[in-house]
Structure formats: C-alpha cells, structure tokens
There are 2 protein chains.
Amino acid sequence: MTPDQPASAVTPLVTRMTLAQQIREALVVRIVSGEIQPGERLVETRLAAMYGTSQAPVREALRELEAMRMVETRPRRGTFVRHFVQQTLRESYVVRAALEETATRLAMLAGTVPLDALRREVKAMRAAARTDDAVAAARASVAFHRHIVDAARNELLKLSWEALQIEARTSVTMVAAEVKLKDIARDHAELLKSIEDGDLETACKHARDHQWHYADLPHDAHGRARRTSRQVS
Amino acid sequence: MTPDQPASAVTPLVTRMTLAQQIREALVVRIVSGEIQPGERLVETRLAAMYGTSQAPVREALRELEAMRMVETRPRRGTFVRHFVQQTLRESYVVRAALEETATRLAMLAGTVPLDALRREVKAMRAAARTDDAVAAARASVAFHRHIVDAARNELLKLSWEALQIEARTSVTMVAAEVKLKDIARDHAELLKSIEDGDLETACKHARDHQWHYADLPHDAHGRARRTSRQVS
DNA sequence: GTGTAACCGATTATCGATAGTCGGTGGAGG
DNA sequence: CCTCCACCGACTATCGATAATCGGTTACAC
C-alpha cells in the first residue's frame with residue numbers, strides 16, 4: 001500500500017555499493033584474471049571513460065587497490081599494476097604462517113575452535129580432489145583457514161589476514177604449483193588432527209609449517225624446487 | 001572546534017607532498033594528540049574549509065586514514081574517529097608478536113640479525129631509563145624491533161608490521177608511562193641475549209612472549225588486571 | 001498517544017572543468 | 001654524434017557545483 005517511493009522505479013537495495021566500490025571490484029577481477037598485465041599503467045581518465053563515470057570514483061577505487069597492494073601509485077606519475085610475482089607470493093605465505101599460527105594458539109586457548117566446520121571443509125577438499133576441481137579445493141582451503149582466524153576472536157588479526165588477499169593468491173598458487181589436490185586434503189586433515197588432539201605447541205607448529213611448506217614450493221614456471229635450510233626446530 | 005581559519009596560511013616551499021598527504025598528516029596529529037576525540041565525526045566540507053582546500057583532497061586523506069584504521073567510514077553516513085581503545089591495543093600486541101616472532105626466525109635463519117644495532121638500542125633504553133625519558137625509551141624500543149623486522153628481508157612482513165605502528169606507537173608510549181623504564185631495558189636485553197645465544201626456538205618464543213606480556217598489562221585507567229588463562233610459557 | 005509518510009537541513013558522492021607537472025622530443029650548441 | 005633545454009601533449013591533482021541520500025522531525029490519520 002505504500003505507493004510512493006518516488007519515481008525512480010528501482011534502486012535495488014542490494015546495489016547500495018558506491019560507484020567507486022563497483023569500479024574497484026571490476027578492476028580486481030581484471031587484474032587477477034590477467035586481463036590487465038603487471039606493470040601496466042592505469043590511466044584515470046581512460047578508466048573513467050570506460051566505465052562511464054567521472055574521474056573521482058576511479059581515483060578512489062585506485063586508492064583502495066593501492067591499500068590492497070595490487071597497484072602502486074607514484075604521485076603525479078600515475079598508478080601501475082604491481083608485479084606480485086613469486087617473491088611476493090612466497091612472502092605472503094610466511095606472513096600467513098605467522099598470523100595463522102597465532103590464530104591457532106588463540107583459538108585453542110580460548111577453546112573456540114570450530115572443529116565441526118573444519119571437518120566439513122576437509123571433507124569438501126577430499127570431494128574436490130576426487131572430481132579434480134581445483135577451484136573448489138581452493139575455496140575449501142581458504143574457508144578452513146578463515147574459520148581458524150575467526151575463532152581467534154581478534155579483529156586486528158583478522159584484518160591483517162584478510163589484507164593478504166588470501167583467495168586471490170591461493171588459487172594462483174595452486175594452479176601454478178600444480179599441487180596435488182589429494183595432498184592438500186591430506187595436509188589439512190593432519191593439521192586438523194593435531195588441533196583435535198589438543199596439544200597446543202604441536203598444533204601451532206603444525207599450522208606454521210603448513211604454510212611455510214607452500215612458501216617452499218615452486219611457484220613459477222621455472223619450477224625451482226627447494227626444501228632446505230628451513231627445518232624448523 | 002576551531003572554525004574557518006586556514007590552518008596554515010601557506011605551506012609554500014618544497015611541498016613535495018600532495019595536499020591530500022598534508023591533510024592526512026595534520027589529521028593524524030590532531031587525532032593522536034586527542035584534540036579530536038574518538039567517536040567524533042569528521043565532516044568533509046568543514047575540513048575542506050578549515051584547510052582552505054576543496055573537498056577532494058580531504059576525501060582522499062580520510063580514505064587513507066581509514067586504511068590506517070584511525071577512522072571508520074560508513075558510506076553516505078560520514079567518517080568517524082575510531083575508539084581504538086585498549087581492546088585494539090591489546091590485539092595489536094598479539095599481532096605484533098606473531099609478526100616479530102616470525103621476523104626473528106627469518107633473520108636468525110638468514111643470519112642477518114644486526115646485533116650491533118640491537119645492542120645500541122638497548123643501551124639507549126638504559127640511558128632513557130636513567131633520565132626517566134619515556135619518549136626516548138619508546139623510540140628505542142620501536143627501533144629495536146624495527147631492526148629485527150628489517151633483518152627478516154620480507155617486504156610484506158615489513159608492510160604488515162608498519163601498518164600496526166600507528167596504534168602501536170601510541171600504545172608503547174602509554175604503556176611506557178606505567179611500566180618501569182628499567183624493566184623495558186631489561187626485557188629487551190634478555191631478548192637480545194637469547195638471540196645472541198643463537199638458540200632459534202628459544203629466541204622466537206622469547207620474541208613472542210615479549211609482546212604477549214604487554215598485551216596482558218593493564219592499558220586503561222581502570223587497570224583491569226590481566227587474564228590468567230594464558231599458560232603459554 | 002502512536003505509527004507512518006512526506007518534508008527538511010546537512011552532508012556525502014559524483015560530475016565536468018582547469019591548473020600544473022612529468023616525460024619525451026626535436027633543434028641548437030659543442 | 002652527443003648533451004642541454006624550451007616546448008608539447010598527456011595526465012594527475014584540485015576545484016567548484018550539483019545530484020542524491022541520510023537521520024530527524026513534523027503533520028496527520030487512527
């Protein structure tokens with residue numbers, strides 16, 4: 001019975017995103033998909049024309065991408081897509097390891113580990129391995145780790161972790177490193193087991209090694225394999 | 001607060017910074033100094049008038065502050081200074097612990113720990129303790145940890161760590177006000193010692209506990225005592 | 001009184017236009 | 001041939017104006 005809602009027929013409640021946010025999303029997709037190459041320059045006016053907006057929202061979107069470290073801006077120079085090559089990838093695994101080890105510790109100490117959810121994700125990984133569905137496996141893996149990070153109940157930790165753009169990177173790695181999906185499921189199952197066992201230090205170390213392991217995998221086409229000096233403890 | 005009245009007549013010379021950056025700096029100072037209270041709203045147009053610019057640079061500055069987590073922006077609502085209270089402070093220590101433990105591990109594995117520099121900072125802390133100079137002690141402490149993070153040679157780790165600094169910096173000072181400066185020097189000296197000794201796991205654990213210790217200290221005026229559930233040691 | 005819808009003032013999001021800066025270019029000087 | 005420098009075209013940083021929204025408030029029918 002409320003006939004009004006002035007003339008503008010539809011403003012779908014869901015589309016409450018600002019233009020800047022929409023543009024950011026679009027650019028993220030184009031960058032991770034490789035449509036826009038690393039090193040390429042993003043010209044504000046050109047993008048504005050392309051998306052049919054003015055320069056302002058584009059500029060804001062670029063700023064957000066910069067905060068995500070997907071692009072680099074030199075004042076008065078322009079903004080460029082970063083080469084986040086294997087180096088960065090490797091680095092990100094080490095940082096993830098640090099954060100996830102701590103998340104594991106916090107969650108176990110607080111007794112908030114969502115074991116059921118974790119078991120569910122492992123199950124999903126096994127299913128993905130059977131159907132050879134890398135995307136599904138990646139999604140389950142990210143979900144697994146996110147559950148742990150959430151369980152730590154530390155907002156700042158969560159933010160830092162999310163800032164690493166986990167999803168974008170894992171899928172890239174899995175493809176690039178050609179990890180056997182079955183191994184992924186197995187690794188996570190082992191990690192889960194040590195958490196279930198309740199041995200804090202062992203589980204934490206396991207959480208850390210889990211990521212350091214990936215940092216050691218060959219990420220690039222040149223396939224330099226190295227698993228050496230690291231042997232932690 | 002101070003109405004119209006361009007904050008500074010001109011910032012004439014070697015202004016290699018963009019207006020947005022200058023505004024950001026100014027706002028950071030006003031926020032950490034408490035001139036702008038937590039929860040307070042930052043009105044773009046008002047700030048623009050105050051600094052004698054248009055809305056655009058102000059907007060950009062606010063975005064950057066948001067990335068730093070000093071303010072919070074609700075689309076179409078406005079941006080507000082965050083109450084980064086003890087909760088966040090405590091959280092930041094835990095995240096720092098995670099990153100610094102890993103930094104210690106990486107630096108020791110790579111053999112890049114700048115022992116001399118670390119010794120120098122400890123010495124500075126002792127001097128600060130003697131003259132009861134909390135600011136100097138805080139500065140030396142930050143420098144000490146930064147040396148380690150730098151030595152890890154992991155750009156992403158460094159970035160994540162620096163991102164914490166805004167909050168951490170203020171908190172260090174606050175805590176320093178309550179912690180005996182001599183204890184700070186002693187704690188760092190002990191950490192340094194375990195690094196010099198070369199025992200990787202002990203040093204890492206020490207690095208972690210070093211920060212968790214601060215997380216447990218009472219940070220607020222209400223002096224809520226620490227949680228005891230942490231049998232991490 | 002109570003709940004609802006249109007109205008209002010304040011403020012953000014976006015636009016279109018302009019000023020200034022940056023890197024590159026081609027000719028003059030050596 | 002190589003270097004230096006004023007000039008040019010392309011873009012970013014910034015401006016001033018406008019469109020759209022939001023929260024609160026008021027008028028009005030029950």
Using whole Å, what does the distance between atom [atom2] of nucleotide [N] and atom [atom1] of [X] come to?
X: B:Leu47; N: D:dC15; atom1: CG; atom2: P; value: 14 Å
X: A:Ile23; N: C:dC15; atom1: CD1; atom2: C1'; value: 12 Å
X: B:Arg24; N: D:dT14; atom1: CZ; atom2: P; value: 13 Å
X: A:Leu19; N: D:dT21; atom1: CG; atom2: P; value: 11 Å
X: A:Arg63; N: D:dT14; atom1: CZ; atom2: C1'; value: 13 Å
X: B:Gln21; N: D:dT14; atom1: CD; atom2: C1'; value: 14 Å
X: B:Glu40; N: C:dT11; atom1: CD; atom2: C1'; value: 16 Å
X: B:Phe80; N: D:dC22; atom1: CZ; atom2: C1'; value: 11 Å

(message) How long is the straight-line distance from CZ of A:Arg69 back to CG of B:Leu159, given to the nearest 0.5 Å?
(response)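 Between atom CG of B:Leu159 and atom CZ of A:Arg69 there are 5.0 Å.
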
(request) Taking the side chain as every heavy atom from C-beta outward, state whether A:His145 and A:Glu121 have any atom pair closer than 4.5 Å. (result)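 A side-chain contact under 4.5 Å is absent here.
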
(request) Under the salt bridge (charged side-chain N to carboxylate O under 4.0 Å, His left out) rule, what do B:Arg63 and B:Glu60 come out as? Steps first, then yes or no, please. (result) CA-CA 5 Å; B:Arg63 289 297 176 175; B:Glu60 227 177 279; over 6 Å; no

(message) Suppose we screen for side-chain hydrogen bond (donor to acceptor under 3.5 Å, both in side chains). Which residues come up paired with A:Arg119, at least two apart in sequence or across chains?
(response)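 Partners of A:Arg119 under the side-chain hydrogen bond (donor to acceptor under 3.5 Å, both in side chains) test: A:Asp116, A:Glu196.
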
(message) Can you list everything that forms a salt bridge (Lys or Arg N to Asp or Glu O under 4.0 Å) with B:Glu64? Sequence neighbours excluded, please.
(response)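 In terms of salt bridge (Lys or Arg N to Asp or Glu O under 4.0 Å), with neighbours along the sequence ignored, B:Glu64 is linked to B:Arg24.
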
(message) Side chain of B:Thr18 only, heavy atoms from C-beta on: which candidate in C:dC15, D:dT14, D:dC15 is closest?
(response)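 Among the listed nucleotides, the one closest to the side chain of B:Thr18 is D:dT14.
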
(message) Classify the ring geometry of A:His188 against A:His210: parallel below 30°, tilted from 30° to 60°, perpendicular beyond 60°.
(response)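 Taking A:His210 first and then A:His188, their aromatic rings stand perpendicular (interplane angle over 60°).
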
Under-3.5 Å N/O pairs linking protein and nucleotides 8-12 of chain D:
from: D:dC11; atom 1: OP1; to: A:Arg46; atom 2: NH2; distance (Å): 3.2
from: D:dT12; atom 1: OP2; to: A:Glu44; atom 2: N; distance (Å): 3.2

